[in-house]
Amino acid sequence: MSTDKIDSLLQQYLLLLNEYTTLRTTLNNLQSSLYQHLARANFSAQPGVRHYGQDYYDERMQSTSHLDITISSETNTPEFSLVRPPVTNDKPSEKPKPNDNTKEQPQTQDGPGSTQHANNSNPSSSHPPPKDEPGDGKARDEAESKRDDSQPTPTSKHKNSTNPLHWFGILTPLPLRLAQADAKTAVEDIIPKLATLSEQMKALEVEVRRERKKRAKAEKEESKQQKDQNRGRCGGISNYQLKRVK
Amino acid sequence: MASQADYKDRQFLAVIGDEDSVTGLLLAGIGHVTSPPDNQKNFLVVDAKTETSAIESTFEKFTTERKDIGIVLINQHIADRIRYRIDTYTQAFPTVLEIPSKDHPYDPEKDSVLRRVRRLFGE
């Protein structure tokens, strides 16, 4: 019975091992691709950039993704996954609102040009410039400059704070971006799975060892019983022989 | 088994590796520096000058002192330098994973998980 159980446990273990080695191969390929891209980025770096490395790390960096650990009810082992918190676009969209309100007050006094600006103050419908508008040119220029000042700041601030690529500058080379894509795949898809598999394998190892111990104990007891039986038989024969001799 | 208190706050990955490995992984957004009084980083860049004792103490810090780390990634050639610590590490959290580096490709013979497999099958 215990042998069957050990066999089934080992079968499960080998399946996990197969998955582990497959993921390892994938991780190796991703890592080598990442190193190649980094090397290419360093090779084609702009004159000011020495090496894409720790000199450019942001000392106030904050993690953009968090580990989520849950204990599986079936196997009772931890399962790892990487969760990227949803990007809150509320803050950048909320910021321009007070500016809009401040702009709207003079707009009512300025006339038709200002109403056009009020419509364009929405970030999504901003860019097409007013073409056939007879309004004041200066007011329009001012409004456009205000719009240009106000719009990009919240989005660029937001991007700078989250994307580690911006530690290395605004116009980063393509290989560096490709390296980032490889790293993201490795970190989000492969590494949590490898960690989960490692823990599952650990739990199975404990179970297999426990079953092996049980089997060894059972075998020991069996052999002891057999010995006792054999001894009993031998003892019976000798007594019988002794009686006959007497 | 591990209680919920053991793992619920573990939300970061930590890295001990050479500069390229750490840069690559930080590009994925896992880097984190704690708020000013401590300023604790969750990564260590190891170069030729880094002493083994520094690697060991960082590993110790990531695995025992800090309660917010769920996975520790370490380059395999660096793990070799503190192999005795890696092999005797048995805690449930954080999980330690060895990853290849640019100059040292992944060697299954040295991988702690595959060493456990060999031990299980009696080799």
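Here is how names work: the chains are called A, B, and so on, in the same order as the sequence lines, proteins then strands, and each is numbered from 1.
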Closest non-hydrogen atom pair, [X] against [Y]:
{"X": "A/Ala195", "Y": "B/Ile71", "result": "CB-CD1, 3.7 Å"}
{"X": "B/Ser21", "Y": "A/Tyr35", "result": "OG-OH, 2.7 Å"}
{"X": "A/Gly53", "Y": "B/Thr23", "result": "CA-OG1, 3.7 Å"}
{"X": "B/Ile99", "Y": "A/Gln31", "result": "CD1-NE2, 3.9 Å"}
{"X": "A/Val208", "Y": "B/Leu120", "result": "CG1-CD1, 4.0 Å"}
{"X": "A/Gln180", "Y": "B/Leu27", "result": "NE2-O, 3.0 Å"}

Would you say [atom1] of [X] has more than 12 non-hydrogen atoms from neighbouring residues, nucleotides or ligands within 6.0 angstrom?
{"X": "A/Lys217", "atom1": "NZ", "answer": "no"}
{"X": "B/Arg116", "atom1": "CZ", "answer": "yes"}
{"X": "A/Lys202", "atom1": "NZ", "answer": "yes"}
{"X": "B/Tyr84", "atom1": "OH", "answer": "yes"}

In terms of heavy-atom proximity below 4.5 Å to chain B, should [X] be classed as side chain, backbone, both, or neither?
{"X": "A/Leu17", "answer": "side chain"}
{"X": "A/Leu194", "answer": "both"}
{"X": "A/Glu59", "answer": "both"}
{"X": "A/Leu14", "answer": "side chain"}
{"X": "A/Leu10", "answer": "side chain"}
{"X": "A/Ile69", "answer": "both"}
{"X": "A/Leu197", "answer": "neither"}

Side chain proximity check, B/Asp20 to A/His51, heavy atoms < 4.5 angstrom: yes

Beyond-backbone contact of B/Val22 with A/Gln54, side-chain heavy atoms, under 4.5 angstrom: no

Donor-acceptor pair between A/Tyr20 and B/Asp111 side chains, under 3.5 angstrom: yes

Whether B/Phe43 and A/Tyr57 hold their rings parallel, tilted or perpendicular, with breakpoints at 30° and 60°: perpendicular

Mutual orientation of the aromatic rings belonging to B/Phe93 and A/Phe80 [parallel < 30°, tilted 30-60°, perpendicular > 60°]: perpendicular

Summary of side chain to side chain donor-acceptor pair (under 3.5 Å) pairs that have at least one residue in residues 29-39 of chain B, sequence neighbours excluded: none

Test side-chain contact (heavy atoms from CB on, under 4.5 Å) applied to B/Thr95 and A/Glu199, step by step: CA-CA 8 Å; B/Thr95 300; A/Glu199 289 302 317; 2.9 Å; yes

Below 4.5 Å from any heavy atom of chain A, which atoms of [X] appear? Answer side chain, backbone, both or neither.
{"X": "B/Val96", "answer": "neither"}
{"X": "B/Ile69", "answer": "neither"}
{"X": "B/Val45", "answer": "side chain"}

Distance (rounded to the nearest 0.5 Å) between A/Glu205 CD and B/Phe121 CZ: 9.0 Å

Gap between atom CD of A/Glu188 and atom CD1 of B/Ile30 - 0.5 Å precision: 11.0 Å

Among the listed options B/Gly70, B/Pro94, B/Gly29, B/Gly24, the residue most often paired with chain A at heavy-atom distances under 4.5 Å: B/Gly29

Top contributor to chain A contacts, counting heavy-atom pairs under 4.5 Å, from B/Leu97, B/Asn42, B/Leu25, B/Leu73: B/Leu97

B/Leu26 vs A/Trp167, side-chain contact (heavy atoms from CB on, under 4.5 Å): CA-CA, chis, key distance, verdict: CA-CA 11 Å; B/Leu26 293 193; A/Trp167 302 340; 4.0 Å; yes

Chain B contacts, top residue of A/Leu165, A/Asp68, A/Ile191 (heavy-atom pairs, under 4.5 Å): A/Ile191

